[in-house]
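Right, one structure below, let's go through it.
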Amino acid sequence: MSDFLKSLDPRINRLSIPAEFGSSFPEKDEKDQFITYEVFVQPKENKAMQHEGIVHAPTEEMAFLFAKEQFSRRGMSCVGIWVIKTTAIQVSPITENGEDIYDYINKEIMEGAEENGLSTYQVFQLAKRGKQHSLSGSVEANSFEEALWNAKNTFADDKPALNLWIVKEEDILKIEGDEFADIWNTLPDKKYRDAMDYKATEKIKKFKEEQQKA
Amino acid sequence: MYGGGQVFEPSSTNNELLKDEDPKKLAEFEARIARGEKIEPKDWMPKLYRKQLIRMIEQHAHSEIIGSLPEGTWITRAPGFKRKLALMAKVQDEVGHAQLLYGAAETLGKSREQMIEDLITGKSKYSNIFNYPTFTWADSCFISWLVDAGAIVNQLANARGSYGPYCRALDRICAEESFHLKYGHHCVIHLATGTPKQRQMMQEAVNRWWAPMMHFFGPSDKISTHTEILTKWKVKMATNDECRQQFLDMYVPKIWELGLTIPDENLKKNEETGEWEFTEPDWEEFKRVINGDGPCNKERLAVRRTAEERGAWVRRALAAKTKGDKYVAPMA
């Protein structure tokens, strides 16, 4: 055993980790970090799909599995998750001083755009710096540029949008709807993940009373 | 959870970084922060801001992932099914927090892989408190309640900072920490109000962990022009002393009400100043442990390194599916 790291942790002893190791990083032929996927979660039927963060994954199916663990393991409900490769999202500039990004989009934007045939594009808007992007809806277009123009005509309203993310429908893995409802069925059963499940006021009160008597 | 005590050393390179900045852009950047707006990844930012944030968020992420080890060791030995379930959920949360934080740091341009490499080679640090061992179940209860409580003090302060992705990660983290805190308190109450043996176990854990807990918030901050800038940029949101005082104010009475004692005879609240007084922590030990000579430094890094090495074949096998995909920094 003397050649292995000794620990108070029985699991670590079972790993048979060499007691001595160098300080250099393990050699790699090439970097092996997976790419990132952006994750969007819809917590309830009447709420918009909202950006929650990222996961690293080799495929979109695994990105979904990681996203489910990371972003829907807590809370009473979840009705859908979308995962999208970071590189598949087209991003507008972010505006200054609360200006509306739609004010900067005009018809000329479509000149010279690379047209790829008619597709559906999903549009996410940022309402305020520091908040998360949320889904406005979809538009039909022949290019990202046309999608921007159509988004202006469809979604621009009184409230300014500071930044837009646009994604082609085919680049989204959607896990939602009745077909997948079972995935989140057990969420309300996991009360042990919730602060509410650990009430102890009574116990402390009783303890204090006993201390006073003694 | 997360250890505070960020020490932002002023250095000549930092001054160099600041000297070259475009004054107009810098003024706009500072005006945005002064207005209370968040900075987002694609915004212009000073090099020093980027550098310090990466360092801070990265250390926070490492603390989460290393911090899951001393508690994780008690999952298989936690007393009863319910405690096992809860502790597993908590440890999963901690690792999840690391993932969120690595993601936030990546938006600033450092890859997760590079951060993990810097952790394993000792180039970047993590919270010092996780270099101490958990001898008994009561040690794990102390961490769940009080180390997490200290972390929440730090994290709530940082969540008011200026960098959007970090704030969003912290909001999510703080929400989950409320479960950790309640669960930890529940565990400690159970032992402290239990049999004489259970009480003794809990008291011994408090005795062991008090010094590391006082170290947790770091030494008093030296006020320099450098920390002034980081405060102005809302990178540093509270001094180490402010965090330590807040922790003492909130939790010492809760420890005392359970009939537990704290191993510092000088610990008391000065009713005139409203400040807690205590024996000055042993900062020599703090430095010694941070520099690698603590009871568990070697083990913590060895475990992380082993995970990296022994998991490499899985990543290699899966990477075959990702050929042609180019890594870019995540968006928000």
Is it the case that the side chain of [X] and the backbone of [Y] share a donor-acceptor pair, with hydrogens and angles ignored and the cut-off at 3.5 Å?
X: B:Lys298; Y: A:Ala19; value: yes
X: A:Glu38; Y: B:Met331; value: yes
X: B:Arg310; Y: A:Leu15; value: yes

Contact summary for [X] and [Y], nearest pair of heavy atoms:
X: A:Gln132; Y: B:Arg168; value: CG-CD, 3.5 Å
X: A:Tyr198; Y: B:Lys182; value: CB-O, 3.7 Å
X: A:Thr36; Y: B:Val328; value: OG1-O, 3.9 Å
X: B:Ala89; Y: A:Arg193; value: CB-NH1, 3.5 Å
X: B:Ala329; Y: A:Thr86; value: O-CG2, 3.7 Å

If I take atom CG from residue B:Leu318 and atom CE from residue A:Met62, how far apart are they, to the nearest 0.5 angstrom?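 Answer for the CG-CE pair, B:Leu318 versus A:Met62, is 5.0 Å.
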Is the closest side-chain heavy-atom distance between B:Lys82 and A:Asp197 below 4.5 Å?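 Touching, per the 4.5 Å side-chain cut-off.
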Let's test your reading of the structure: which of B:Ala332, B:Cys187, B:Pro70 forms the most heavy-atom pairs below 4.5 Å with chain A?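 Top count of heavy-atom pairs under 4.5 Å with chain A: B:Ala332.
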I need the residue from B:Gly103, B:Gly72, B:Cys167, B:Pro330 with the largest number of non-hydrogen atom pairs under 4.5 Å to chain A.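 Heavy-atom pair counts peak at B:Pro330.
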